[in-house]
Amino acid sequence: MPELPEVETIKRQLEKKMLDKKIVNIQINNKTVIKEPDTESFKNGIVGETVTEVIRRAKLLIIKFKEDKFLIIHLRISGWLLYGKKEEKSRVSFELSDGNFLNYMDQRMLGELKLRRDYKDLKFIKSLGPEPFDISLEEFAKILKAKKTKIKPLLMDQTVIAGMGNIYAQEALFAAQIDPTNTANNLNQTQVANLYKAMLLVLNEGIKYKGSSVDIYRNLEGDKGGMEKRLKVYGRENKPCVVCKEPIKKTLIGGRGTCFCPNCQK
DNA sequence: AATGGGACCTGCGCGC
DNA sequence: TGCGCGCAGGTCCCAT
């Protein structure tokens, strides 16, 4: 899915397109993506509402209509949003008062839409760790010291730090020159500091270039991100390392494909 | 506490 | 060409 930089990109675009817009109708093509409440209540609860705020928390998008009314969107793996004309392939289309549509696209239909009176009380939200941009080096170091898990799955653990996924965790570890199979509490002080900086660097770069479009992900305008061309290890198995030219290797860590440079990452 | 497997879904590319 | 398999940016749930 869209990880923090992709979701942040969409969030900023939604602010421009959706603030003060009224939703006048909703077409639901696939009920399975609507998790709460039932589809009729979902539709009736939103039609006639005006968007007052757009929020991102971790990889979640939250559209606020008024006090006690929030649309919570989790794009999971293949979800994305497309603004403009009505799309045939959309799972849900929100018709706006300006004649445009906000289309919820999701090939695999693993994403989730919820309409709730609050979002902060969601079990998933309550379980989230801090945003990467809100955590200090000292706090980061403290967390790593307390964990015996491998560093790569740890970076992807939303209850530890919220927002990174399988792309940016790999990129951060490459930028910090750390082997993804290292145990978190075995990293030395320099490595921890490098990883902290690297994490912020790759996430900021991802936001700057409007995300990575490795597969079908597109931003709100239907455009691909610019970050996938800048990825140094993700999806680059057997290609030369951008630093040392040795071939990038791919391995499985915690069930997830992981690319790294065996020469640069120690 | 940490790890592994399967589940949820669809669709793509690959080897045979 | 056709088919089966593995794999895909996420998360949850269960078992060990």
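Every chain is numbered from 1 and lettered A, B, ... according to where its sequence line falls, protein lines coming before strand lines.
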Phosphate OP1/OP2 of dG9(C) contacted by Y168(A) side-chain N/O (<4.0 Å): no
Listing time: all N or O pairs from protein to nucleotides 4-6 of chain C that are below 3.5 Å?
none

According to a 4.5 Å side-chain heavy-atom criterion applied to Ile, Leu, Val, Met, Phe, Trp and Tyr, with indirect links allowed, do L110(A) and I216(A) form part of one hydrophobic cluster? no
Wobble G-U and Watson-Crick pairs count when both distances are under 3.5 Å; given that, what is the 5' to 3' dot-bracket string of DNA chain B, with | for pairing to other strands? .|||||||.|||||||
Between K59(A) and dG10(C), does any side-chain N or O lie under 4.0 Å from OP1 or OP2? yes
To the nearest angstrom, the CE-P distance between M164(A) and dG10(C) comes to 11 Å
Contact between R12(A) and K210(A) at the side-chain level, heavy atoms closer than 4.5 Å - yes or no? no
OP1 or OP2 of dT11(C) sitting under 4.0 Å from any side-chain N/O of H74(A)? yes
Kindly give the atom pairs (protein nitrogen or oxygen, nucleotide nitrogen or oxygen) under 3.5 Å for nucleotides 1-3 of chain B.
from   : atom 1 : to      : atom 2 : distance (Å)
dA2(B) : OP1    : K148(A) : N      : 2.5
dT3(B) : OP2    : T149(A) : OG1    : 2.4

Counting only heavy atoms not in K114(A) (residues, nucleotides, ligands), do more than 12 fall under 6.0 Å from its NZ? yes
Protein-nucleotide distance (M156(A), atom CE; dA8(C), atom P), rounded to Å: 11 Å
List in numerical order all residues of residues 203-227 of chain A for which some heavy atom is under 4.0 Å away from an atom belonging to DNA chain C. S212(A), V214(A), D215(A), I216(A), Y217(A)
To the nearest Å, how far apart are L4(A) CG and dT11(C) C1'? 17 Å
Which residue pairs satisfy the ring pair (Phe, Tyr, Trp, His ring centres under 6.0 Å) criterion with at least one member in residues 103-140 of chain A, sequence neighbours excluded? F70(A)-Y119(A), H74(A)-F124(A), F140(A)-Y196(A)
For the pair made of CG in L155(A) and P in dT11(C), what is the distance, rounded to whole Å? 14 Å
Take the protein atom NZ of K89(A) and the nucleotide atom C1' of dG11(B), then report the distance between them rounded to whole Å. 10 Å
Tell me whether the side-chain N/O atoms of R256(A) come closer than 4.0 Å to OP1 or OP2 in dC7(C). no
note: I77(A), atom CD1; dC12(C), atom P; distance rounded to Å ~ 13 Å
Using a cut-off of 6.0 Å, state whether more than 12 heavy atoms not belonging to K16(A) lie near its atom NZ. no
Rounded distance in Å - CG (D157(A)) to C1' (dG9(C)): 17 Å
Where along residues 103-126 of chain A does a heavy atom fall under 4.0 Å from DNA chain C? R108(A), K123(A), F124(A)
If the threshold is 4.0 Å, N to carboxylate O, is there a salt bridge linking K69(A) and E67(A)? no
Check whether E3(A) reaches the backbone of N166(A) with its side chain - one donor and one acceptor, N or O, closer than 3.5 Å. yes
